[in-house]
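Single-structure report; data block below.
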2 protein chains.
Amino acid sequence: MNKTVKIKNRIKEFRARHDFTQEELANRVEVRRETIGHIEKGRYNLSLILAWKISRALESSIEELFKFEELDN
Amino acid sequence: MNKTVKIKNRIKEFRARHDFTQEELANRVEVRRETIGHIEKGRYNLSLILAWKISRALESSIEELFKFEELDN
DNA sequence: TATAAATGTTATTTATTATTAACATAAAGT
DNA sequence: ACTTTATGTTAATAATAAATAACATTTATA
């Protein structure tokens, strides 16, 4: 029984609360707009530092912003 | 004023509490022993999923296990 | 003190994140 | 309807995490 971990996130939701566009958030955390887009869509397993920068920019925490689920395959 | 983020971690400390060697922890999170060693020494900016796996294996949380600091340079 | 177990460290390779650029589509505003 | 503004998406490249292998050093322990 092999397990993989997937991440869901609430970036879009928190971004809306702050009225930030993807580009504004990207500027604040110093990555490209597309990178934020890809992360929101769960396309990659971002680094811990980037996760922290994003959670700070959104006045949140990593654990609040990112939800982890273990899946069997 | 440019800012960079550095990570400090308490993996070694938590590992000791559980009486895990680097290798045991590595097996549990499915990475190499050297990878755990490098992370403990702060040599790389691990992925969010790996950070989560490690914090779970040590019955802790990401925010508890990893401390972030902003530095000027 | 000799032996084994655990950790340190470095160099090279592989895998994956993130950048870049380019264009498409959607939504909002004039 | 036209024009911005925001987001979606893809392909190619660059940057870096993680794997691998090999050997050194430290710590425990027989």
Side-chain angles (χ1 to χ4, degrees), chain A residues 2-63 65-71 73, chain B residues 2-63 65-71 73:
Chain A
N2 199 8
K3 281 178 183 176
T4 52
V5 178
K6 272 206 64 177
I7 305 179
K8 285 191 177 178
N9 71 79
R10 300 168 67 191
I11 297 174
K12 189 169 184 171
E13 175 191 341
F14 278 69
R15 200 163 51 71
R17 288 191 199 169
H18 286 264
D19 204 31
F20 289 163
T21 63
Q22 288 187 344
E23 192 158 33
E24 274 176 278
L25 177 58
N27 290 337
R28 281 165 195 267
V29 302
E30 295 169 300
V31 294
R32 299 221 100 207
R33 169 189 68 81
E34 298 92 324
T35 301
I36 298 296
H38 284 133
I39 291 167
E40 280 189 7
K41 287 269 189 296
R43 293 214 177 82
Y44 32 73
N45 174 19
L46 73 173
S47 72
L48 183 57
I49 285 178
L50 181 49
W52 181 78
K53 282 179 166 183
I54 292 173
S55 65
R56 282 214 108 196
L58 297 175
E59 296 178 293
S60 185
S61 68
I62 291 175
E63 315 269 6
L65 207 54
F66 299 92
K67 302 295 177 183
F68 303 87
E69 32 186 331
E70 253 172 347
L71 302 170
N73 37 348
Chain B
N2 199 7
K3 281 178 184 176
T4 53
V5 178
K6 272 206 64 175
I7 305 179
K8 285 191 176 178
N9 73 79
R10 300 168 67 193
I11 297 174
K12 189 170 185 171
E13 175 191 341
F14 278 68
R15 201 162 50 71
R17 289 191 199 170
H18 287 263
D19 204 31
F20 290 163
T21 64
Q22 288 187 343
E23 192 158 33
E24 274 176 279
L25 178 57
N27 290 338
R28 283 166 192 265
V29 302
E30 295 169 298
V31 294
R32 298 222 103 209
R33 169 190 67 80
E34 297 92 325
T35 300
I36 297 296
H38 284 132
I39 291 167
E40 280 189 6
K41 286 270 187 298
R43 293 212 178 83
Y44 30 74
N45 174 19
L46 72 172
S47 71
L48 183 56
I49 285 178
L50 181 49
W52 181 77
K53 283 179 164 183
I54 292 173
S55 64
R56 281 214 108 196
L58 298 175
E59 295 178 293
S60 185
S61 68
I62 291 176
E63 315 270 7
L65 206 55
F66 299 92
K67 303 293 177 185
F68 303 87
E69 33 186 329
E70 253 172 349
L71 303 169
N73 38 347

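Just so it is clear: chains get the letters A, B, ... in the order the sequence lines come, proteins before strands, and each one is counted from 1.
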Protein-nucleotide distance ([X], atom [atom1]; [N], atom [atom2]), rounded to Å:
X	N	atom1	atom2	result
B:Phe20	C:dT7	CZ	P	12 Å
B:Leu46	C:dT16	CG	C1'	14 Å
A:His38	D:dA11	NE2	P	11 Å
A:Leu48	D:dA18	CG	C1'	15 Å
B:Asp19	C:dA5	CG	C1'	13 Å
A:Lys41	D:dT9	NZ	C1'	10 Å
B:Asn27	C:dA5	CG	C1'	15 Å
B:Ile39	C:dT7	CD1	P	15 Å

Before you tell me yes or no, could you show the steps for A:Val29 and A:Thr35 under side chain to side chain contact (heavy atoms under 4.5 Å, CB included), namely the whole-Å CA-CA distance, both residues' side-chain angles and the distance that decides it to 0.1 Å? CA-CA 11 Å; A:Val29 302; A:Thr35 301; over 6 Å; no
Considering only [options], which nucleotide approaches the side chain of [X] most closely?
X	options	result
A:Tyr44	D:dT7, C:dT9, C:dT17	C:dT17
B:Arg15	D:dT9, D:dA18, C:dT7	C:dT7
B:Lys12	C:dG8, D:dT10, C:dA22	C:dG8
B:Leu50	C:dA18, D:dA18, D:dT7	D:dA18
B:Gln22	C:dG8, D:dG8, C:dT10	C:dG8
B:Glu34	D:dG8, C:dT7, D:dA21	D:dA21

For atom NZ of A:Lys67, is the number of surrounding heavy atoms from other residues, nucleotides or ligands below 6.0 Å larger than 12? yes
Measure the acute angle between the ring planes of B:His38 and B:Tyr44, then classify it against the limits of 30° and 60° as parallel, tilted or perpendicular. tilted
With a 4.0 Å cut-off on heavy atoms, is A:Thr35 in touch with a base, just the backbone sugar-phosphate, or nothing at all? base
Within the structure shown, what part of the strands sits under 4.0 Å from A:Glu40 by heavy-atom distance: base, sugar-phosphate, or nothing? nothing
Earlier contact from the 5' end, DNA chain D, for A:Glu23 and B:Arg32: A:Glu23
Does a side-chain N or O of B:Ser47 approach OP1 or OP2 of D:dA18 to a distance below 4.0 Å, or not? yes
First encountered from the 5' end of DNA chain C, between A:Arg43 and B:Thr21: B:Thr21
If you define the side chain from C-beta out and look only at heavy atoms, does anything of B:Phe66 sit under 4.5 Å from B:Leu46? yes
Quick check: closest heavy atoms across B:Gln22 and B:Ile36, and the distance to 0.1 Å? O-CG1, 4.0 Å
